[in-house]
Amino acid sequence: MKKYLLLAISLLLMTGCAINNKPAPKSNPNLPTVKNFKAYPDRNAMALFWDPVKNMSGYYIQRYSPKTKKWTQIATINDPYKSIYVDKKLKPNTIYKYRIATFDKNQVPSLAVETSQKTLPPLSAVIPVESKPLEKGMIKIIFRPHQNERVEEYKIQRFNDSKAKWETIGTLSPRLNVEFIDRGLKDGKIYKYRIIAISFDGIKSYPSKTIVVSTYPKPPVVLNLKASVDLPKKIKITWSPVPNAVAYKIYYSTSAQGAFSLLAKTQNTYYIDNIGKDGVKRFYKVTAVSKYGTESLLNESPVVMGMTLPAPAKPIVSTNITANQVEFIFTSPDNRAAKYLIIKKEKEGFLKYKTTKYVTSKNSFIDTINPKKEYEYEIYEVDKYGLISKKPAIVEIGG
């Protein structure tokens, strides 16, 4: 019972102070009190000093909580020769109230003596020196090394617009490492940054002033995009120049609404897509690229359709047949014929043919035949580019 009673007495040490000198409940006002009780602040700690009272058994130390409005015992020192106690894990720039009382061999406390002190403010803010965009999607920040040599690292924070809060995106250490490069950013967007220095014992500085910097903008959308539909085996794409563009990227797709794939990059305002086939249709988009590597928006770029020149149409053929000759008269349905290719197949036996080729730039052709033999003629239209109709007109004679 005596042990619990003495513990209760120590917890009830509340009202004694150096100012009004009123005794705490159950305290002994005849016991010697602490002299010269003082607090010396650090940023996250408070050192308490007093003159030792050697003829006592020790000291009770309490701290006042503004939140609970109560005193809480934070230390029991069972050594009367001790004269220093350090209270740790405190907040910077905050007022703390303490009181101390001696206790005798029966753990009965004396009157309490109070003191109060404010912890030191946080470390001074970091000073930014330079911030600028480097190239596409990159921003570089340089700041002065913090003057306090206790600084161990820096937290780099970027403001998240959608969440409306600061987020830590990087850590730099040691103290002299004062360069940060942010990558993977959106083009033409304003970003906000701040820097917080942290000492080796966890003390944070005030945030630096907000650093506002924009990434390089995207070039304007490419306009006046055109694609050819009358060139053999290729498509030529042209467009208007974009100011300050250093290159252009050409994208293609097989449909206007499909996914576009990168085809080529050029510094010219035209591109020739050598497809090598007739009648191939493609859709194109072109983007501009700045000297910083930023690119105009692909999804906002206009779409243009191009097509290689289709093969000529199958010619229309009429004939005049006599005893030993045949006259062919040609008509070009698409008016593209520059000449005609005639392939003559003369039957010489079962599944055996003699093949002869003729080319004429006229609209008619006369061939000598043997009325006793069978012939098959394939007539193709050939245009000025050398393109040949896919299917021939077929004329059979004899048999």
Side-chain angles (χ1 to χ4, degrees), residues 225-238 250-258 260-261 263-264 270-285 303-399:
L225 187 61
K226 298 177 182 178
S228 65
V229 295
D230 57 356
L231 296 179
K233 303 185 186 303
K234 61 187 176 183
I235 299 173
K236 184 177 182 179
I237 309 104
T238 61
I250 298 92
Y251 296 83
Y252 81 99
S253 176
T254 55
S255 67
Q257 305 302 324
F260 281 78
S261 301
L263 175 64
Y270 68 89
Y271 179 76
I272 297 176
D273 188 5
N274 290 300
I275 296 174
K277 295 182 180 179
D278 303 328
V280 174
K281 185 185 295 184
R282 278 186 171 181
F283 296 84
Y284 298 92
K285 288 185 175 186
V303 181
V304 67
M305 187 201 77
M307 185 172 65
T308 58
L309 190 64
K314 179 175 71 174
I316 299 172
V317 181
S318 59
T319 60
N320 292 319
I321 303 173
T322 62
N324 60 353
Q325 68 179 22
V326 57
E327 180 184 14
F328 298 94
I329 300 171
F330 310 125
T331 301
S332 174
D334 53 8
N335 296 316
R336 286 176 53 189
K339 53 189 175 182
Y340 294 92
L341 170 66
I342 302 102
I343 299 177
K344 176 184 176 181
K345 296 180 179 179
E346 180 180 350
K347 191 171 184 180
E348 293 185 337
F350 182 72
L351 298 178
K352 186 176 180 181
Y353 293 89
K354 176 184 177 182
T355 301
T356 308
K357 293 183 180 180
Y358 305 96
V359 176
T360 181
S361 58
K362 299 180 180 180
N363 291 330
S364 63
F365 174 75
I366 297 175
D367 189 29
T368 301
I369 59 174
N370 184 341
K372 296 181 180 181
K373 289 189 176 183
E374 297 178 5
Y375 300 92
E376 180 182 285
Y377 291 85
E378 295 179 354
I379 298 108
Y380 295 87
E381 180 179 321
V382 182
D383 71 1
K384 64 181 180 180
Y385 300 109
L387 301 183
I388 303 174
S389 53
K390 287 186 177 181
K391 295 182 178 181
I394 298 176
V395 177
E396 294 180 346
I397 298 174

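Side chains are part of it too, since the values below use all heavy atoms of this structure and drop only hydrogens, waters and symmetry mates.
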Query raised in the report: Does the side chain of Ile235 come within less than 4.5 Å of Thr308's, by heavy atoms?
Result: yes

Report summary line: With sequence neighbours left out, the residues meeting side chain to side chain contact (heavy atoms under 4.5 Å, CB included) with Lys362 are Thr360

Query raised in the report: Going by the salt bridge (charged side-chain N to carboxylate O under 4.0 Å, His left out) test, which pairs reach into residues 328-345, not counting sequence neighbours?
Result: Arg336-Asp383, Lys344-Asp367, Lys345-Glu378

Pairs under 3.5 angstrom only: tabulate donor-acceptor contacts from the side chains of residues 313-326 to other protein residues two or more places apart or in another chain.
from   : atom 1 : to     : atom 2 : distance (Å)
Asn320 : ND2    : Glu327 : OE1    : 3.3
Thr322 : OG1    : Gln325 : N      : 3.4
Thr322 : OG1    : Gln325 : O      : 3.1

Report task. Could you tell me the separation between the NZ atom of Lys285 and the OG atom of Ser261, rounded to the nearest 0.5 Å? Result -> 12.0 Å

**Report entry** Validation row: Pro312, Tyr380 side chains within 4.5 angstrom (heavy atoms)
**Finding:** no

Query raised in the report: Under 4.5 Å between any side-chain heavy atoms of Tyr358 and Phe365, yes or no?
Result: yes

Query raised in the report: Just how far is it from atom CE of Met307 to atom CG of Asp230, taken to the nearest 0.5 Å?
Result: 9.5 Å

**Report entry** Residue pair Thr331 / Tyr340: nearest heavy atoms and the distance that separates them
**Finding:** C-OH, 3.9 Å

Report summary line: Taken in chain and number order and not counting sequence neighbours, the residues that satisfy salt bridge (Lys or Arg N to Asp or Glu O under 4.0 Å) with Lys347 are Glu374

Report summary line: The reported gap from CD1 in Ile250 to CG in Leu225 (rounded to nearest 0.5 angstrom) is 9.5 Å

Query - Min side-chain heavy-atom separation Tyr375-Asn370 under 4.5 Å - result: yes

Query raised in the report: What pairs with Tyr377 under ring-ring contact (aromatic ring centres under 6.0 Å, His included), at least two apart in sequence or on another chain?
Result: Phe328

Query raised in the report: Can you tell me if Ser253 uses its side chain to pair, donor with acceptor, with the backbone of Ser255 under 3.5 Å?
Result: yes

Report task. Please check if the side chain of Glu346 supplies one atom and the backbone of Lys354 the other of a donor-acceptor pair under 3.5 Å. Result -> no

Query - Residue pair Leu231 / Leu309, side-chain heavy-atom distance below 4.5 Å - result: no

Requested in this report: Give, for atom CG of Asn335 and atom CD of Glu381, the distance between the pair rounded to the nearest 0.5 Å.
Outcome: 8.5 Å

Requested in this report: Please determine which of Tyr252, Tyr271, Phe260, Tyr251 meets the side-chain contact (heavy atoms from CB on, under 4.5 Å) test together with Tyr284.
Outcome: Tyr252

Query raised in the report: Which pairs pass salt bridge (charged side-chain N to carboxylate O under 4.0 Å, His left out) with one or both residues in residues 271-282, sequence neighbours excluded?
Result: Lys233-Asp278, Asp273-Arg282

